[in-house]
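For reference, the structure is listed below as structure tokens.
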Number of protein chains: 2
Amino acid sequence: MKVVVVDDDKLVGVSLKTILEASGEVQVVGIGCSGQDAIDLYRHHKPDILLMDIRMSSMSGLDAAEIILASDPAARILFLTTFSDDEYIIRALKMGARGYILKQNYESIVPSLKAVYNGQSVFGDDIVSRIPDMLQKNRKPDFSKYGISEKEAEIIALVAEGMNNKEIASALYLSEGTVRNYLSVILEKLQLRDRTQLAVFYYKNQ
Amino acid sequence: MKVVVVDDDKLVGVSLKTILEASGEVQVVGIGCSGQDAIDLYRHHKPDILLMDIRMSSMSGLDAAEIILASDPAARILFLTTFSDDEYIIRALKMGARGYILKQNYESIVPSLKAVYNGQSVFGDDIVSRIPDMLQKNRKPDFSKYGISEKEAEIIALVAEGMNNKEIASALYLSEGTVRNYLSVILEKLQLRDRTQLAVFYYKNQ
DNA sequence: GATTTCAGATGACAATTGTCACATTCTTAT
DNA sequence: ATAAGAATGTGACAATTGTCATCTGAAATC
């Protein structure tokens, strides 16, 4: 498995070469320290995988990846990051990168490379754990932590469907006044001002 | 690395045991062929990873995973599938599974297991390529098709943040009355009744 | 130059909304 | 049996909201 490593910090590049080659299954055919290096090394060596830092002083890893993927959409690019920065990761995903690994997590680098080599994509749990939330459009949020009762939650859900008090009342077989009272309590508990903020809260916490 | 393997087809379970243990790094401590087996084996052996088929005749792997994850959210569950079925995969993601591997792809099983063991999550490229689209949803919706102008869209966005008319007016340097007029037009264009429905509409079309 | 268009504003109005204080049940625990 | 509590309801009130007809001034169009 031929790999090109690109990291802003040259020392990291060399260390990685040592670590990776110690596995006996990876051959580091090039080490670079800028986005431009990444492009040049990739085009010259055509490695199986390009392992690259996201943040680099000269050209960002993302920009480099964009250029590489534009000319070779099959390029397997795996990012190395220090922190999992949402914005970056999502941009990386969009452009078709194969994942990212936290630098701290040395032991997982070789297995991750192999998984990518075999056509998988690899991500840290922190990102993956957020994906479901992003995908999930129709689930009811859990408001119990705010001391919201079952009935109150029902009303919240109806407000979040755009119903007015009269409609909610008739849907739940309550008087309109009761619905108002409930709503008043709900707003107090959630520290919100009006039903629109409640709907917003609902969807932002969905 | 202790692994429990569960597959509808007993032969697959045994074959996997052979393949996995040949690597010298995996110890298959249990083989099952139903969702119930998965639950029992998981609770008994507390393996590092549960490798499980999604489709099984008696209890689906997803149902079993749900039960296991309910009592042990840290459980590392990796699904084996024959085809990458969107619905299933997304449900698996939602409940916190660590990924899935196509059965055909024998070579990638061991590396994927190791990546998961090291805290990563692993997915086939087909799913990953769809995630960006799903994530894309967190951007401002495009209302132009409803004949909504730039300014109107601004107001919609502020309503969707929960602002009242006075706040919107001061944010956009308009009079409150103007904001009301805008809103009135917006509601007319979108065939909605009030600002709450507008906020709801915003998030549903996000 | 006259006219139309458009963004913004005003004021009036009714409807809806949120708040509050106070009833009325009905259940439950003491 | 009584007190406490919920769940539900009422009426009054002010604030916010949505609608509408109308006005202004500037820019664009003719």
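All chains are named by letter (A, B, ...) in the order of the sequence lines, taking the proteins before the strands, and each is independently numbered beginning at 1. Basis for what follows: all heavy atoms, side chains included, without hydrogens, waters or symmetry-related copies.
- Counting non-hydrogen atoms of neighbouring residues, nucleotides and ligands closer than 6.0 angstrom, the NE2 atom of B:His45 exceeds 12 such neighbours.
- For the pair A:Asp72 and A:Lys46, the salt-bridge criterion is met [side-chain N within less than 4.0 Å of a carboxylate O].
- Rounded to 10°, the angle separating the first-five-pair axis and the last-five-pair axis of the helix from C:dG1-D:dC30 to C:dT30-D:dA1 equals 30°.
- Taking 4.0 angstrom as the limit, B:Thr178 places none of its side-chain polar atoms (N or O) nearer than this to OP1 or OP2 of C:dT10.
- Here C:dA9 presents its P atom at 11 Å from CD1 of B:Ile155, a figure rounded to the nearest Å.
- Between B:Lys103 and B:Asp7, at least one side-chain nitrogen of the basic residue sits less than 4.0 Å from a carboxylate oxygen of the acidic one, meeting the salt-bridge criterion.
- Scanning both residues, A:Val4 and A:Pro47, for their nearest heavy atoms gives CG2-CG, 3.5 Å.
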Base versus backbone protein contacts along nucleotides 11-29 of chain D [heavy-atom cut-off under 4.0 Å; B, S, -]: -B----BBBB---------
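- Under the salt bridge (Lys or Arg N to Asp or Glu O under 4.0 Å) criterion, B:Arg43 pairs with no residue at all, not counting sequence neighbours.
- The side-chain contact (heavy atoms from CB on, under 4.5 Å) test with B:Leu183 is passed by exactly one of B:Ile156, B:Asp194, B:Asn165: B:Asn165.
- Rounded to an integer number of Å, the gap from B:Leu174 CG to C:dT10 P is 11 Å.
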Could you walk me through whether A:Phe201 and A:Leu192 pass the side-chain contact (heavy atoms from CB on, under 4.5 Å) test, one step at a time? CA-CA 9 Å; A:Phe201 182 83; A:Leu192 300 171; 3.8 Å; yes
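- Atom NZ of A:Lys189 is surrounded by more than 12 heavy atoms from other residues, nucleotides or ligands within 6.0 Å.
- When the P atom of D:dG9 is taken as reference, atom CG of A:Leu172 falls 10 Å away, rounded to whole Å.
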